[in-house]
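Scroll down for the structure; my scribbles are underneath it.
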Amino acid sequence: MDGNAAGASGVNATEDSEEAGWNCSVHPSVFFLLGTLVLTTCATGMLCAAIMTDHWEEVTWDMNRLEVLANGTVRLQWLLDRTVARVSTNDLNDRTVAFLVPMHGGIWTLCLSLTDEEIDLLGRVGFPSVQSCVNYLSGASEGLRGYEPRADWQHRMQNLSISCALVCLIILGSAALVGAFGVFQHQISAVLVTGVMYLLAASFALFTLTIIHFKRLHIKPHSEVHDGTVDGVVSPMGGRGVGLLLPARIFTTSWSLDLGWGGVMLCVMTSVLWILLSKIMRFNPISSMLN
């Protein structure tokens, strides 16, 4: 009798230990939730970093074509290991007309691709004192003043890309708040809305990327340089005669654009995961996952 009781107690103890082990195990849906949160963080960080950085495009110069276009009309002097070209009048006065410099730009910024030391060295040969970066929204009176007279097409595309980028940032911030509310308060509708919002963020980011990629198609390379700076040109004076050199500019996309494409892909994947998470929560509430 005592043996049977001992056996029964042993069986019960085994069952209790198995139940305890089962209760200590993690519900598979929790891993899905954690994966969704990790991918959400990566997508948000990558897309925000792409929008806030200023390496969407780079402006360089074709040296061989510059020599051909100059053709004795103006004088070219190469500086800083042929990184910068000084354009001067082709006469005895040798007046500086402009400096042809490499630049890089973002959605709303334009910056010189030169260090402070290089700018100081160029200052010894007449390089004007300018800010290294300027915001497109600040207007033509500040920073690198006197932008190139852009066509209406390019003005509209630049403003539209800025608008789309700002909307994308607003949606990402709102999606983070709504997603956190949905997870902590177990609100399935909020989780579903988060998925839709990340899809919207990816759509506006896609608009921004497309605009930046195609905005240079309608640029007018023969436009004259007025007082100040154009993309790739810094002029201490009127800059007359530099317009014939503008076709030698080379516009290339840079790493911020690639980062943006990666962010768009991750946002689409994040949107799918949030929508699937809302379906999972309908049958497996998060409170039961964690118990």
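Computed from a prediction, not measured in an experiment: that's the story for all the values here. As a basis for the values below, the full set of heavy atoms in this structure was taken, side chains included, without hydrogen atoms, waters or symmetry mates.
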[X] (side chain) donor-acceptor with [Y] (main chain) under 3.5 angstrom:
X: Gln185; Y: Gly182; answer: no
X: Ser235; Y: Val97; answer: yes
X: Ser271; Y: Gly195; answer: yes

Indicate whether the side chain of [X] and that of [Y] have a donor and an acceptor atom separated by less than 3.5 Å.
X: Trp274; Y: Thr40; answer: yes
X: Tyr198; Y: Thr44; answer: yes
X: Trp255; Y: Glu58; answer: no

Show the nearest heavy-atom pair for residues [X] and [Y], with the distance to one decimal.
X: Val178; Y: Ala190; answer: CG1-O, 3.4 Å
X: Ala175; Y: Thr194; answer: O-CG2, 3.7 Å
X: Leu76; Y: Leu66; answer: CD1-O, 3.7 Å
X: Val125; Y: Arg86; answer: O-NE, 3.8 Å
X: Ala70; Y: Leu245; answer: N-CD2, 3.7 Å
X: Val233; Y: Ala98; answer: CG1-CB, 3.7 Å

N/O donor-acceptor pairs under 3.5 Å from side chains in residues 257-268, not counting sequence neighbours:
none

Query raised in the report: Can you name the residues that form a side chain to side chain contact (heavy atoms under 4.5 Å, CB included) with Arg75, not counting sequence neighbours?
Result: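 So Arg75 forms a side chain to side chain contact (heavy atoms under 4.5 Å, CB included) with Ser88, Asn90, Asp94.
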
Could you tell me if the side chain of [Y] sits less than 4.5 Å from the side chain of [X], heavy atoms only?
X: Thr36; Y: Leu276; result: no
X: Thr89; Y: Val74; result: no
X: Asp231; Y: Phe251; result: yes
X: Met103; Y: Cys111; result: no
X: Phe32; Y: Leu273; result: yes
X: Phe99; Y: Val87; result: no
X: Leu69; Y: Pro247; result: yes
X: Thr83; Y: Pro102; result: yes

Query raised in the report: Are Trp61 and Arg82 close enough, and set up right, to give a side-chain contact (heavy atoms from CB on, under 4.5 Å), and what steps lead you there?
Result: CA-CA 10 Å; Trp61 293 87; Arg82 299 181 70 85; over 6 Å; no

Requested in this report: Only counting residues at least two apart or in another chain, list the ones meeting side chain to side chain donor-acceptor pair (under 3.5 Å) with Ser113.
Outcome: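 Scan of Ser113 (side chain to side chain donor-acceptor pair (under 3.5 Å), adjacent residues dropped) gives His104.
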
Query raised in the report: Considering residues at least two apart in sequence or located in another chain, which fulfil the side chain to side chain donor-acceptor pair (under 3.5 Å) criterion with Thr253?
Result: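 Listed in chain order: nothing, the list is empty.
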
Under 4.5 Å between side-chain heavy atoms, counting indirect links through other Ile/Leu/Val/Met/Phe/Trp/Tyr residues: same cluster for [X] and [Y] or not?
X: Leu112; Y: Leu80; result: yes
X: Ile250; Y: Leu100; result: no
X: Leu172; Y: Met46; result: yes
X: Phe181; Y: Leu37; result: no
X: Leu110; Y: Leu122; result: yes

Report task. Evaluate the criterion side-chain contact (heavy atoms from CB on, under 4.5 Å) for residue pair Leu114 and Val101; output intermediate values, then yes/no. Result -> CA-CA 8 Å; Leu114 299 171; Val101 297; 4.2 Å; yes

Got a list of side-chain donor-acceptor pairs under 3.5 Å for residues 200-208, not counting sequence neighbours?
from	atom 1	to	atom 2	distance (Å)
Ser203	OG	Leu199	O	2.9
Thr208	OG1	Ala165	N	3.4
Thr208	OG1	Phe204	O	3.0

Requested in this report: Measure the CG-OG1 distance between Leu47 and Thr270 for me, rounded to the nearest 0.5 Å.
Outcome: 10.0 Å

Requested in this report: Working to the nearest 0.5 Å, report the span between CH2 of Trp56 and OG1 of Thr252.
Outcome: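 If we round to the nearest 0.5 Å, Trp56:CH2 and Thr252:OG1 are 14.5 Å apart.
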
Query raised in the report: How does the hydrophobic cluster around Leu192 look, that is, which other residues are in it when side-chain heavy atoms under 4.5 Å mark a link?
Result: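 Members alongside Leu192: Ile275.
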
Query - Glu118 vs Phe127, side-chain contact (heavy atoms from CB on, under 4.5 Å): CA-CA, chis, key distance, verdict - result: CA-CA 10 Å; Glu118 291 173 335; Phe127 192 82; over 6 Å; no

Report task. With side-chain contact (heavy atoms from CB on, under 4.5 Å) as the test, would you mind laying out the steps for Asp62 and Arg249 before giving the verdict? Result -> CA-CA 6 Å; Asp62 186 337; Arg249 288 183 300 183; over 6 Å; no

